[in-house]
Amino acid sequence: MSEQSQPVPHQSDEQSTVNGLQRTNASRSKQRIGVAFEFACRMSTWFSVAVLVVLLAGLIWKSWGWLDADFLTNFDSRHPGEAGIWAGIWGSVWLMFFTMLFSVPIGIGAAIYLEEYAPPTRLTRFIQINLSNLAGVPSIVYGILGLTTFVRMFGAFGANQKVLAISLGFGNLRIPLPLDRTVLSAALTLSLLIMPVVIVAAQEALRAVPGSIRHGSFALGATKWQTIRHQVLPASLPGILTGVILAVSRAIGETAPLLMVGAFMFVTSTPGGIQNPVDLLTNPQGVLDAPFEPFTAIPIQILNWVQHHKHEFEHVAAAGIIVLLVVLLVMNASAVLLRNRYQSKVRW
Amino acid sequence: MSMSFAEIVEQRQGGSVAVSAGVIPAIKLSTKNLSFFYGETQALFEVTIDIPARNVTALIGPSGCGKSTFLRTLNRMNDIIEGTRHTGTVWLEGADIHDKRVDVVALRKRVGMVFQKSTPFPKSIFDNIAYGPRIAGEKRKKVLAEIVESCLKRAALWDEVSNRLKESALSLSGGQQQRLCIARSLATDPEVLLMDEPASALDPASTARIEDLIFELKENYTIVIVTHNMQQAARVSDSTGFFFQGQLIEMGSTLNVFRRPKEQATEDYITGRFG
């Protein structure tokens, strides 16, 4: 501890004093508190790091030999050695895509309205407070909401499922009503789940754009729309995107709401039968069908394996968790990269 | 710096002050009984002023005297602030700028503004200048390039940046950024330039460049400059208005205001007895 300074050696005789600078019992006890506090903070940090290290080490040890190329590209199986996460990966990819499709435009739109247009009325404040509250609502509640709203559609279509078919020339869009246990139901549910987070993050990014930029733009004869479109949005985009990525990476690890809206535990197909990126171009009907098909997701498969009575599935689950962690790490890293990249360009 | 302000004016103009020539310049902007309120607080009291065309008008006064507020009413930048209102009238060449039929966007193109703190957009130098014309609908690259070059030349910045137009405007020095902002406001082809303490955050060398620039620009533009620096007012302006506690105390040729102030408050301020 650098604060514990030693008395400076003094060349003069014993009668020299330190003129009221000498240590007292009170000052010593104050210093001791400081040292203890620093130690406590240090321990808190190391404790969380230690937990993470133990967790990771355990996972890696358990999944050793199980996490291989076959695990990534196999469908699930009753035999631990053949079980893979392929259906979960594709399910999660589709979920992420549609979740972003719904939550990003609506979230950014709402944020722009609240920050740039909304008058400072009681209603605005009420909405603002509720957004913050919504961001803290447990995800299972969103699952129940999704179940009644999207999966069953309040029972408005009776017991029999109807299919709304729309021909698009290159394929048919077949929309089941109610939406039932499909990719779309789950994506809509996850969109609701992360929308408050996206809105709040986007609001913060918009607020960080200095007023001088707006005024400078107005003074040049720009309209409000032009100012937002050409100055405020571009300047806040890195911040907004960072928030979106972090929100989506939260959604991708969610299990509870997916269980509620009926993700399947054991699936040996991918949505729309699309198994590699090329299929997206060559199989338009598959792309159209994908959102309306049953699905599983990475965390759902992990849950299934953890619960499995066969002991070996522990290792499969560990391998699945590592895949999920890698996906999350990649997303978070890209958020950080994005932020750093633009921060060096955009500063004021 | 032992010269009096009046001496600064006289030295600069060699005695041939515009007023003494007997030429009455056309009036570009004028206000009548203009009062302005931030909520309940009244910031301006019945300001009546005539601002001559192609002249530099300096507004001086202590902090919080309402000179910046007054400046921002001239292009309705105060409209942006919630809960403000005004009474009285502002005319731009005889047209009431608060008339319902007036397009505030068109007004701000004719009455440009330069702020105290330079506010370049986080874009390239080129895009900063081209922003005004672009939002006005100009898309032709050649025209934009011409505008950028001529504005940078008029703002005495071209020689320093001509080979780095694609670089971020934020890479420029403070003084360069402020000249960029002046160039940017020239790009919308305004008639009036409002400057709110344009040099207060700059070093003396940069300040001198801005002042030279203001002197050149008055050939073609009507300039209203708010400044707390009286030497600056004496150096660059033709007429000077003294604001105090939200009121326009005195307005006249810069030489007269500094040499023979009519009001005691003006004299007290100029001689440094307060402020």
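Each chain gets a letter, A, B and so on, in the order the sequences are listed, and its residues count up from 1. Values reported hereafter were calculated over all heavy atoms of this structure, with side chains retained and with hydrogens, waters and symmetry mates removed.
Residue A:Phe126 places its CZ atom among 12 or fewer non-hydrogen atoms of other residues, nucleotides or ligands, all under 6.0 Å distant. Counting non-hydrogen atoms of neighbouring residues, nucleotides and ligands closer than 6.0 angstrom, the CZ atom of A:Arg229 reaches no more than 12 such neighbours.
The two residues A:His230 and B:Lys123 make their nearest non-hydrogen contact at O-NZ, 3.0 Å. Contact detail for A:Gly216 and B:Phe115: the closest heavy-atom pair is CA-CE1, 3.7 Å. Of all heavy-atom pairs between A:Pro120 and B:Glu82, the closest is CD-OE1, 4.1 Å. The two atoms that bring B:Pro122 and A:Ile213 nearest to each other are CD-CD1, 3.5 Å, heavy atoms only. When all heavy atoms of A:Ala219 and B:Met113 are compared, the pair lying nearest together is CB-CB, 3.9 Å. Closest of all the heavy-atom pairs between B:Ile135 and A:Leu220 is CD1-O, 3.9 Å.
Of the two parts of B:Thr188, only the side chain, counted from C-beta on, holds a non-hydrogen atom closer than 4.5 Å to a non-hydrogen atom of chain A. With a 4.5 angstrom heavy-atom cutoff, B:Arg184 touches chain A via backbone and side-chain atoms both. For B:Pro120, the part lying near chain A is the backbone, with the side chain staying farther off; criterion is any non-hydrogen pair under 4.5 Å.
Atoms CG and NE2, from B:Asp196 and A:His215 in turn, are 12.0 Å apart once rounded to the nearest 0.5 Å.
Under the side-chain contact (heavy atoms from CB on, under 4.5 Å) test applied with B:Phe121, the options A:Ser217, A:Pro234, A:Ser212 reduce to a single match, A:Ser217.
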